[in-house]
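One structure is given below, encoded as structure tokens.
Everything numeric here is computed off the predicted structure, so don't read it as measured data. Atom set for the values below is all heavy atoms of this structure, side chains included, hydrogens, waters and symmetry mates excluded. Position 1 is the first residue of the sequence; numbering continues from there.
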Amino acid sequence: MYYVEKRIEVAMAHRLCLTYESKCSHLHGHNAIVTVYCKSETLNENGMVVDFSTVKDIVKGLLDHQYVNDKVDFNPTAENLARWICEQVPNCYKVTFQESRDNIATYEKE
């Protein structure tokens, strides 16, 4: 099995829809760090699991300098964003979404 990971920093804004009072219900931004993990039993015709620039282009296209609430139809929590990103990237099996130094969510396919 071959494994690769790509780390991407994105500047994004969102607001959360919560059932309790929170400052996160208001518009706010993050310089998030997204780490995408991909794997494959075989390499493509270029000898790669997936091209690192493809991963970067997908993640930046989805999130960088975006108001995420306008792009998704779910509550854009770090957990939900990790899952969503994982679904967009070829051969991805895991994503960590670090929205701040101390707040990190991980999604991993079973």
Short question: side chain of [X], backbone of [Y] - any donor-acceptor pair under 3.5 Å?
X: Asn75; Y: Leu16; answer: no
X: Thr77; Y: Asn80; answer: yes
X: Gln88; Y: Trp84; answer: yes
X: His14; Y: Asn69; answer: no
X: Asn44; Y: Asn46; answer: yes
X: Asp64; Y: Val10; answer: no

Determine, using ring centers only, whether His28 and His26 are less than 6.0 Å apart. no
Can you name the nearest heavy-atom pair linking [X] to [Y], along with the distance?
X: Val36; Y: Cys92; answer: CG1-SG, 3.7 Å
X: Phe97; Y: Ile85; answer: CD1-CD1, 4.0 Å
X: Lys56; Y: Ile8; answer: CA-CG1, 4.2 Å
X: Val50; Y: Cys38; answer: CG1-SG, 3.8 Å

What I'd like to find out is whether the side chain of Pro90 reaches to under 4.5 Å of the side chain of Ile58, using heavy atoms alone. yes
How far apart are the C-alpha atoms of Thr96 and Val34, what are their side-chain angles, what is the distance that settles it, and do they pass the side chain to side chain contact (heavy atoms under 4.5 Å, CB included) test? CA-CA 6 Å; Thr96 61; Val34 178; over 6 Å; no
Applying a strict under-4.5 Å side-chain criterion to I, L, V, M, F, W and Y, I'd like to know whether [X] and [Y] cluster together.
X: Phe52; Y: Leu63; result: yes
X: Met1; Y: Tyr37; result: yes
X: Tyr107; Y: Val55; result: no

Under-4.0 Å salt bridge between Arg83 and Glu87: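 Salt bridge present between Arg83 and Glu87.
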Near Lys94 NZ, under 6.0 Å, is it more than 12 heavy atoms from other residues, nucleotides or ligands? yes
Can you tell me if OH on Tyr67 sees more than 12 non-hydrogen neighbours from other groups inside 6.0 Å?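 Yes.
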Test side-chain contact (heavy atoms from CB on, under 4.5 Å) applied to Thr35 and Lys6, Gln98, Arg7, the passing residue: Arg7
Output the distance between atom [atom1] ([X]) and atom [atom2] ([Y]), rounded to the nearest 0.5 Å.
X: Ile104; Y: Glu79; atom1: CD1; atom2: CD; value: 12.0 Å
X: Asn91; Y: Tyr2; atom1: CG; atom2: OH; value: 13.0 Å
X: Leu62; Y: Met12; atom1: CG; atom2: CE; value: 11.5 Å

Going by atom types alone, do Asp57 and Thr54 pair a side-chain donor with an acceptor below 3.5 Å?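 Side-chain D/A pair, Asp57 to Thr54: absent.
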When you compare the side chains of Asp51 and Ser53, does any donor N or O come within less than 3.5 Å of an acceptor on the partner?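 There is such a pair (donor and acceptor under 3.5 Å, judged by atom type) between the side chains of Asp51 and Ser53.
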Just to verify, what does Arg15 make a salt bridge (Lys or Arg N to Asp or Glu O under 4.0 Å) with, not counting sequence neighbours?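 Partners of Arg15 under the salt bridge (Lys or Arg N to Asp or Glu O under 4.0 Å) test: none.
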Would you kindly check if the NZ (Lys) or CZ (Arg) of Lys109 is within the cone defined by 45 degrees around the ring axis of Tyr93 and under 6.0 Å from the six-membered ring centre? no
Check whether NZ of the Lys or CZ of the Arg Lys39 lies under 6.0 Å from the centre of the six-membered ring of Tyr3 and within 45 degrees of that ring's axis.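 Verdict for Tyr3: no cation-pi partner in Lys39.
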